[in-house]
Amino acid sequence: MAFARVNDVVLHHDVRGKADGPVVVFSNSLGTDFRIWDEVVASLTDRYRVVLYDKRGHGLSEATPAPYRMDDHVNDLAALLDHLGVDAAAVVGLSVGGMIAQGLASRRPDLVRVLVLCDTAHKIGTAEMWNARIDAVTANGIASMGDAIMERWFTPAYRVPENADFVGYTAMLTRTTVDGYAGTCAALRDADYTETTRALTIPVLCIVGDQDGSTPPDLVRSTAALIKGARFELVRDAGHIPCVEQPVETSRLIGSFLSEAGWH
Ligand SMILES: O=C(O)CC1=CCC(=O)O1
């Protein structure tokens, strides 16, 4: 693992895999850090140079004061990739990470050659919804919303106290900084990539858990329908975070799409 100061923030990141391989970048969701990708990344490191990072306010990255703009997150990722000397990449993004990936693809078409959009959309939620979350997390902390968030993240079968992984991912959520969480809710509230995503011409795969309670299959399907030639895949028995709940199938879908898109 490593830390880098880019723009006005210190970002925690890690580079794994084949040093001279094509680059695959992973961007994670609200309230998670880059460990959610561990199992998927393990299936790719023999072929790819993989870049993982924690967006500002998440994981071990610095938490600058809320609110954030989606452009802050997009600029952070662009600056981190410039810092690492990456000049072309496939970008895999989950939820807000998928919005960051869409933003980067439209801002830096030189950099983004393939997109995998997991459980995300061109626009997620409403201003009322995000303002209510910002108010709740600011007044009562993230743990106060923990159960409701877990119901969207994971299926009932996964969400049992005997499942140590479930307990661990709950801790990952509740240890996110309030600035990072509320700041990123503001970024989500204000972001709408409908027009820029409609203009994408690169290979795009959209995948979603069949029981995703945050970005349900119909929403993700509507994002795929915006993009000429985009592929849509449903992951069975998964909620909002298929890379954690169904890592084998998620790895298979991502790995084969990267190959088919010529990213090898
Ligand atoms: O908390 C949720 O509902 C899940 C989520 C929405 C945007 C994101 O990145 O995660």
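Just so it is clear, the structure is predicted and the values come from calculations on it, not from any experiment. Order of listing sets the numbers, starting from 1, for every ligand and every atom in it.
- From His83, atom NE2 reaches atom NE2 of His13 across 5.0 Å, with rounding to the nearest 0.5 Å.
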Write out each pair where an N or O from ligand 1 and one from the protein are under 3.5 Å apart, with the distance.
residue, atom, partner, partner atom, Å
ligand 1, 1 (O), Arg133, NH1, 2.8
ligand 1, 3 (O), Arg133, NH2, 2.8
ligand 1, 3 (O), Arg152, NE, 2.9
ligand 1, 3 (O), Ser214, OG, 2.7
ligand 1, 9 (O), Leu30, N, 2.9
ligand 1, 9 (O), Ser95, OG, 2.8
ligand 1, 9 (O), Val96, N, 2.9
ligand 1, 10 (O), Ser95, OG, 3.0
ligand 1, 10 (O), His240, NE2, 3.4

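- Between the side chain of Lys55 and the backbone N or O of Ser29, at least one donor-acceptor pair lies under 3.5 Å.
- Donor-acceptor pairing under 3.5 Å is recorded for the side chains of Thr223 and His122.
- A distance-only check finds no donor-acceptor pair linking the side chain of Glu249 to the backbone of Arg236 [under 3.5 Å].
- Not counting sequence neighbours, the partners of Asp38 by the salt bridge (charged side-chain N to carboxylate O under 4.0 Å, His left out) test are Arg16.
- At a threshold of 4.5 Å between non-hydrogen side-chain atoms, the residues Arg108 and Leu81 do not count as touching.
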